[in-house]
There are 2 protein chains.
Amino acid sequence: MRQAEELCEDQGAALTPLRRDVYELLLRHDRPVGAYELLDELKSLRPKAAPVTVYRALDFLLDLGLVHRVNALNAFSACRGHETDHRGLVLICRSCKATVELEDRKVDNTIRRSAAELGFETGDGPVEVLGTCAGCRG
Amino acid sequence: MRQAEELCEDQGAALTPLRRDVYELLLRHDRPVGAYELLDELKSLRPKAAPVTVYRALDFLLDLGLVHRVNALNAFSACRGHETDHRGLVLICRSCKATVELEDRKVDNTIRRSAAELGFETGDGPVEVLGTCAGCRG
DNA sequence: CACTAAATGTAATGTTATTACATAATATAT
DNA sequence: ATATATTATGTAATAACATTACATTTAGTG
């Protein structure tokens, strides 16, 4: 949270109470959370909240890199660990939906180099890899 | 198409006219296509088609690996190139939605090894990487 | 042919995300 | 300090993506 505030300060971005609420809700989970699930939680704080309320707050947080969108799950997770760099992998368990973030220069560079050979410039944000976690394999 | 038929034969899977239609529609595009866009096209061949018609055909084709689901676009693309192995990368242009498939052992192995260190077993299907293609950067 | 399993038809509904426009709050310039 | 512009939020409706449930048809098997 502290870091988020500083980041907003630096960028001249307004971390309003609403946006802060959404971010804090997200921080309470250690897995990606769907927008409508987040909306349900937000409603207990702000009865007026509507889908667009959540999506707008998420867009703001995504732009800052405080939150990742996990395409494979249509869900969102607070970014952990690497506050300055979001270029690792995120491993997603197909079964339990848990995710692990992994910042690994080697993997990342390998991917980016291969992409570059085909003229692609890869953006920010981690690469999503679907798999099965240790727990769910047992 | 030839290859698809053989694959179905081998697996004892029934490539029915409907499934064939869907697959052929997909082959006409060189980019991922949404299910409802596909549905519109399918309707000109089969007026009775409904959303579930398309989704069922896609599920069948996905199981066989003839088609990939591109999570980042909520869309589907016919698999090109590596008919026996689907473990490369798919690069997706955020701007024009074009995709390029890239089978690269090195990248793939690097990703899988890193995942394995965290207890993750990665499944089939390519890893999606979002970026910007050469054309859209110009 | 009778039976079973697989595929498709049909309708409804669930889930995720966006658009459009109104209102309120905040920042900026005068 | 006040008017103006910009940014944020409220409110309603709808669009886009996907699944469930159940009926019917078609294809495979004894």
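These numbers come from a predicted model, not from an experiment. Chain A is the first sequence line, chain B the second, and so forth, proteins listed ahead of strands; every chain is numbered from 1.
Shortest non-hydrogen contact noted between B:Leu66 and B:Tyr23 is O-CE1, 3.7 Å.
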Between B:Val54 and B:Tyr36, does a side-chain contact (heavy atoms from CB on, under 4.5 Å) hold up when you go through it step by step? CA-CA 8 Å; B:Val54 170; B:Tyr36 279 72; over 6 Å; no
For B:Val129 and A:Phe120, what are the C-alpha separation, side-chain angles and deciding distance, and is it a side-chain contact (heavy atoms from CB on, under 4.5 Å)? CA-CA 10 Å; B:Val129 180; A:Phe120 266 74; over 6 Å; no
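Partners of A:Ser77 under the side chain to side chain contact (heavy atoms under 4.5 Å, CB included) rule, at least two apart in sequence or in another chain, are A:Pro32, A:His68, A:Val70.
The backbone N or O of B:Leu27 lies less than 3.5 Å from a partner atom in the side chain of B:Arg80, making a donor-acceptor pair. With A:Arg69 contributing its side chain and A:Leu62 its backbone, the two residues share no donor-acceptor pair below 3.5 Å. In this structure a side-chain-to-backbone donor-acceptor pair under 3.5 Å is missing from A:Glu128 to A:Ile92.
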Using a 4.0 Å heavy-atom cut-off to protein, can you give one letter per nucleotide of nucleotides 11-30 of chain D, 5' to 3': B if the base is in contact, S if only the sugar-phosphate is, - if neither? B-----BBBB----------
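Following rounding to the nearest Å, B:Asn71 (CG) and C:dA17 (P) show an atom-to-atom distance of 12 Å. Following rounding to the nearest Å, A:Leu58 (CG) and D:dA8 (C1') show an atom-to-atom distance of 15 Å. Per the geometry, CZ belonging to B:Phe60 stands 7 Å off P belonging to C:dA7, to the nearest Å. Atom CG of A:Leu64 and atom P of D:dA8 are 11 Å apart (whole Å).
Remark: B:Thr16, B:Leu18, B:Arg19 in residues 15-22 of chain B come within less than 4.0 Å of DNA chain C through at least one heavy atom.
Ion pair B:Glu24/B:Arg28 not flagged as a salt bridge, since none of the NZ, NE, NH1 or NH2 atoms sits closer than 4.0 Å to an Asp/Glu carboxylate oxygen.
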